[in-house]
K.L.:
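I'd like to ask you about the structure that follows.
Naming convention: chains lettered A, B, ... in sequence-line order (proteins, then strands); numbering from 1 in each chain.
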Number of protein chains: 2
Amino acid sequence: MSLNTAINPNVSVDCVVFGFDNEKLNVLLIQQKLPSTKEQRYALPGDLILDNESLDTAANRVLKEISGLSGIFLKQFRAFGDPDRVSNIKDLEFLKSYRKNPQARVITIAYFALVRMENFKPEASSFAEKVFWQDVTELPDLSFDHTKIVSQALEKLRHDFIRDKTGFELLPERFTLGQIQKLYEIILNENLDKRNFRKKILKEELVKATNQKQTGVLHKPARLYKINN
Amino acid sequence: MSLNTAINPNVSVDCVVFGFDNEKLNVLLIQQKLPSTKEQRYALPGDLILDNESLDTAANRVLKEISGLSGIFLKQFRAFGDPDRVSNIKDLEFLKSYRKNPQARVITIAYFALVRMENFKPEASSFAEKVFWQDVTELPDLSFDHTKIVSQALEKLRHDFIRDKTGFELLPERFTLGQIQKLYEIILNENLDKRNFRKKILKEELVKATNQKQTGVLHKPARLYKINN
DNA sequence: CAAACTTAGTGTAATTTTTACACTTAATTA
DNA sequence: TAATTAAGTGTAAAAATTACACTAAGTTTG
């Protein structure tokens with residue numbers, strides 16, 4: 001083991017942070033800070049690991065350094081290691097600017113997370129010119145193999161979401177059943193039957209009715225629910 | 001990217017190959033070839049990757065070099081990267097014998113597979129003194145974090161097995177429903193109701209009755225089935 | 001050759017889960 | 001006060017899951 005804090009040239013982490021804003025699913029992207037302003041390049045927040053930190057630690061550190069975000073539960077989901085994943089000519093400028101050895105073989109360990117967007121306001125630093133939330137259905141070209149990474153993260157997110165039956169933490173403290181349904185529909189990307197969905201959610205008893213109602217909506221106000229502890 | 005075939009000092013692959021022998025679940029282990037014969041050390045087949053090969057290619061190459069086995073579908077399931085995963089004093093002799101820099105930080109990408117044991121007869125080479133199938137319920141102490149890797153591979157195996165509803169390829173060409181049930185029971189590690197299991201398997205129509213029967217068994221001979229194409 | 005042994009093979013009823021489906025209610029706005 | 005919008009509600013059919021016990025067809029043993 002290395003006891004120093006040297007940058008390991010061969011291993012990186014990349015973070016796919018999904019953000020939910022009650023309307024759609026977004027992913028946190030950066031615009032790379034490059035000397036030439038000819039072309040703008042977008043990417044996931046990610047960087048090389050240090051020799052004395054675990055992968056999980058690296059993922060959290062890197063996310064924080066680049067976007068300012070912390071306190072996000074990042075889950076490892078896959079390693080990406082094609083020998084030519086960092087050899088697209090379009091990524092050369094970035095590599096030359098920020099890597100000691102731009103030619104080095106780099107394998108990356110990808111992490112994902114899902115958060116409530118309004119709780120996390122990213123601020124760009126390090127080699128990020130900008131950090132922003134981007135609708136997952138309208139992704140720009142991404143550096144390296146990051147498009148592939150996002151797409152596999154999305155698969156994994158859906159899979160885990162179904163299995164874990166969680167997700168209430170992505171809503172306001174008080175929420176309507178309609179909001180939960182919308183959350184499920186957006187993440188799973190399919191329409192659900194209103195009556196059957198309510199039946200199911202209420203049977204699970206993870207959620208409890210309050211005696212409050214929505215206000216200021218131009219229709220019948222919905223009852224508000226909260227997480228049941 | 002590196003175009004050479006240098007060994008990458010920081011990234012390895014490890015293979016958890018499960019073998020089924022109609023009776024129990026086994027895992028392929030090696031006994032390390034060490035100068036001192038004081039203590040025997042066991043491990044998963046695994047080694048550092050080359051700079052110009054993909055992770056999948058590395059996993060297949062390494063498995064073949066160490067055990068002689070090829071043609072096995074290895075599936076990546078997780079990266080392991082604790083900074084001290086290679087710093088157990090008991091592993092020092094192995095590292096000193098086979099690694100240019102025994103102190104190097106190494107993260108490993110773990111793969112797993114499930115095969116019919118009788119189709120794969122491993123033969124030790126490289127730094128393996130022996131290669132052998134070991135009952136998963138009776139694992140010896142393993143090098144590095146390999147015990148943890150096996151245990152997580154087992155979880156993943158069970159998860160995927162349930163989801164994919166596959167596994168017939170682990171049986172002889174003609175097999176009885178009892179054999180399938182036993183396979184499921186061993187892999188999932190739980191008992192299943194015979195009538196309900198048969199009902200389910202037959203409904204899926206992945207399997208077709210032949211008009212052959214078992215012979216040479218000391219009880220009512222079972223009908224033989226084959227995979228339905 | 002009869003008895004003992006072993007696994008194969010079979011059906012039903014109860015329960016739970018999933019699916020499909022349409023109208024009334026309560027608020028806001030025009 | 002009429003129009004608009006999403007909330008809220010129940011039932012019946014179908015499908016999937018679960019629990020459960022006896023007879024059948026071979027082999028071996030005495």
Side-chain angles (χ1 to χ4, degrees), chain A residues 20-24 158-159 161-165 168 171-226 228, chain B residues 21-24 158-159 161-166 168 171-226 228:
Chain A
F20 181 69
D21 62 2
N22 298 323
E23 293 301 327
K24 55 194 172 17
R158 289 184 174 133
H159 182 264
F161 194 78
I162 291 168
R163 197 191 44 184
D164 300 343
K165 297 187 172 193
F168 306 123
L171 296 169
E173 200 187 346
R174 303 286 162 112
F175 46 82
T176 70
L177 295 181
Q179 285 175 306
I180 307 182
Q181 186 176 343
K182 194 164 184 185
L183 168 66
Y184 274 71
E185 289 181 335
I186 289 168
I187 291 182
L188 302 181
N189 198 30
E190 61 182 319
N191 294 323
L192 303 170
D193 178 89
K194 182 163 56 164
R195 282 185 282 196
N196 293 337
F197 183 79
R198 290 171 161 249
K199 219 184 301 174
K200 191 163 189 163
I201 290 292
L202 292 175
K203 181 140 61 120
E204 284 167 2
E205 291 188 326
L206 299 171
V207 113
K208 205 161 99 183
T210 70
N211 48 18
Q212 293 176 279
K213 288 184 176 187
Q214 271 183 318
T215 53
V217 287
L218 66 158
H219 54 75
K220 176 173 175 180
R223 159 157 273 126
L224 294 174
Y225 289 76
K226 60 178 184 178
N228 186 10
Chain B
D21 63 1
N22 299 323
E23 293 301 326
K24 54 194 174 15
R158 290 186 173 131
H159 182 264
F161 194 79
I162 291 168
R163 196 190 45 183
D164 300 344
K165 298 190 173 190
T166 174
F168 306 123
L171 295 169
E173 199 187 345
R174 302 287 162 109
F175 46 81
T176 69
L177 295 180
Q179 285 176 308
I180 307 182
Q181 186 176 342
K182 193 164 184 183
L183 168 67
Y184 273 71
E185 289 181 334
I186 289 169
I187 291 182
L188 301 181
N189 198 29
E190 60 181 321
N191 294 323
L192 303 170
D193 178 89
K194 183 162 57 160
R195 282 185 284 198
N196 293 338
F197 182 80
R198 288 169 164 249
K199 219 183 301 174
K200 191 163 189 166
I201 290 292
L202 292 175
K203 181 141 62 122
E204 285 168 1
E205 290 187 328
L206 300 171
V207 113
K208 205 162 98 184
T210 70
N211 48 18
Q212 292 176 283
K213 287 183 176 187
Q214 270 183 319
T215 54
V217 287
L218 66 159
H219 54 74
K220 176 172 175 179
R223 160 158 274 125
L224 294 175
Y225 288 76
K226 59 179 185 178
N228 186 11

K.L.:
For the residue pair A:Phe168 and A:Phe175, does the interplanar ring angle fall in the parallel (under 30°), tilted (30 to 60°) or perpendicular (over 60°) class?
P.N.:
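The rings of A:Phe168 and A:Phe175 lie parallel, inter-plane angle below 30°.
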K.L.:
Over how many whole Å does the gap from B:Asn196 atom CG to C:dG9 atom P extend?
P.N.:
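Distance check: B:Asn196 CG to C:dG9 P gives 16 Å.
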K.L.:
May I have the distance from A:Phe197 (atom CZ) to D:dT9 (atom P), rounded to whole angstrom?
P.N.:
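My rounded result for the distance is 15 Å.
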K.L.:
Using every non-hydrogen atom in the two residues, find where B:Leu177 and B:Arg198 come nearest and quote the distance to one decimal.
P.N.:
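Minimum heavy-atom contact is CD1-NH1, 3.7 Å.
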K.L.:
Could you tell me how far apart B:Leu202 (CG) and D:dA16 (C1') are, to the nearest whole angstrom?
P.N.:
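Nearest whole value for this atom pair: 16 Å.
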K.L.:
Are OP1 or OP2 of C:dG9 and a side-chain N or O of B:Arg198 less than 4.0 angstrom apart?
P.N.:
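Yes, within the criterion.
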K.L.:
Drop me the distance from A:Leu183's CG to A:Asn22's CG, to the nearest 0.5 angstrom.
P.N.:
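If I round to the nearest 0.5 Å, the distance is 8.5 Å.
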K.L.:
Pick out the pairs of N or O atoms, protein on one side and nucleotides 26-28 of chain D on the other, that lie under 3.5 Å.
P.N.:
from: D:dG26; atom 1: N2; to: B:Leu218; atom 2: O; distance (Å): 2.9

K.L.:
Heavy-atom contacts under 4.0 Å between residues 173-194 of chain A and DNA chain C, which residues?
P.N.:
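When residues 173-194 of chain A is checked for heavy atoms under 4.0 Å from DNA chain C, the hits, listed by number, are A:Asp193.
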K.L.:
Starting at CG of B:Leu202, measure out to OH of B:Tyr225 and round the result to the nearest 0.5 Å.
P.N.:
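These two atoms lie 5.0 Å from each other.
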K.L.:
When only distance counts, do a donor and an acceptor, one from the side chain of B:Lys199 and one from the base of D:dT18, lie under 3.5 Å apart?
P.N.:
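When only heavy-atom distances are counted, B:Lys199 does reach the base of D:dT18 through a donor-acceptor pair under 3.5 Å.
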K.L.:
Tell me: CD of A:Gln214 to C1' of C:dT28, nearest whole Å?
P.N.:
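A:Gln214 atom CD is separated from C:dT28 atom C1' by 13 Å.
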K.L.:
Between atom CD of B:Gln181 and atom CG of B:Leu192, what is the distance when rounded to the nearest 0.5 Å?
P.N.:
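Atom-to-atom, B:Gln181:CD and B:Leu192:CG are 5.5 Å apart.
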K.L.:
Could a donor-acceptor pair under 3.5 angstrom be found where the side chain of A:Arg195 meets the base of D:dA7?
P.N.:
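Not at all, since no donor on one side and acceptor on the other fall under 3.5 Å apart.
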K.L.:
Provide, to the nearest angstrom, the distance between the CG atom belonging to A:Asn211 and the C1' atom belonging to D:dG8.
P.N.:
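From A:Asn211 CG to D:dG8 C1': 17 Å.
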K.L.:
Would you say the side-chain atoms of A:Gln179 pair up with the backbone N or O of A:Thr176, donor to acceptor, closer than 3.5 Å?
P.N.:
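A pair under 3.5 Å: yes.
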K.L.:
Rounded to whole angstroms, how far apart are CZ on B:Arg223 and P on D:dA24?
P.N.:
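Roughly 17 Å, once rounded to whole Å.
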K.L.:
When you compare the side chain of B:Phe197 with that of B:Ile180, does any pair of heavy atoms fall below 4.5 Å?
P.N.:
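When only atoms from C-beta onward are counted, B:Phe197 and B:Ile180 do touch, with a gap below 4.5 Å.
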K.L.:
In whole angstrom, give the distance that lies between atom CD of B:Gln212 and atom P of C:dA8.
P.N.:
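Checked: the CD to P distance equals 17 Å.
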K.L.:
The side chain of B:Lys203 lies closest to which of these nucleotides: D:dA16, D:dG8, C:dT18?
P.N.:
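Taking heavy atoms from C-beta onward, the closest nucleotide is D:dA16.
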K.L.:
With side-chain contact (heavy atoms from CB on, under 4.5 Å) as the test, would you mind laying out the steps for B:Glu204 and B:Lys200 before giving the verdict?
P.N.:
CA-CA 6 Å; B:Glu204 285 168 1; B:Lys200 191 163 189 166; 4.0 Å; yes
K.L.:
Can you measure A:Tyr225 atom OH to D:dA7 atom C1' for me and round it to whole angstrom units?
P.N.:
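That distance rounds to 10 Å.
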K.L.:
Only pairs under 3.5 Å count here: list side-chain donor-acceptor contacts from residues 207-214 of chain B, not counting sequence neighbours, and write none if there are none.
P.N.:
from: B:Thr210; atom 1: OG1; to: B:Gln212; atom 2: N; distance (Å): 3.1
from: B:Thr210; atom 1: OG1; to: B:Leu224; atom 2: O; distance (Å): 2.7
from: B:Gln212; atom 1: OE1; to: B:Arg174; atom 2: NH1; distance (Å): 2.4
from: B:Gln214; atom 1: OE1; to: B:Ala222; atom 2: N; distance (Å): 3.0

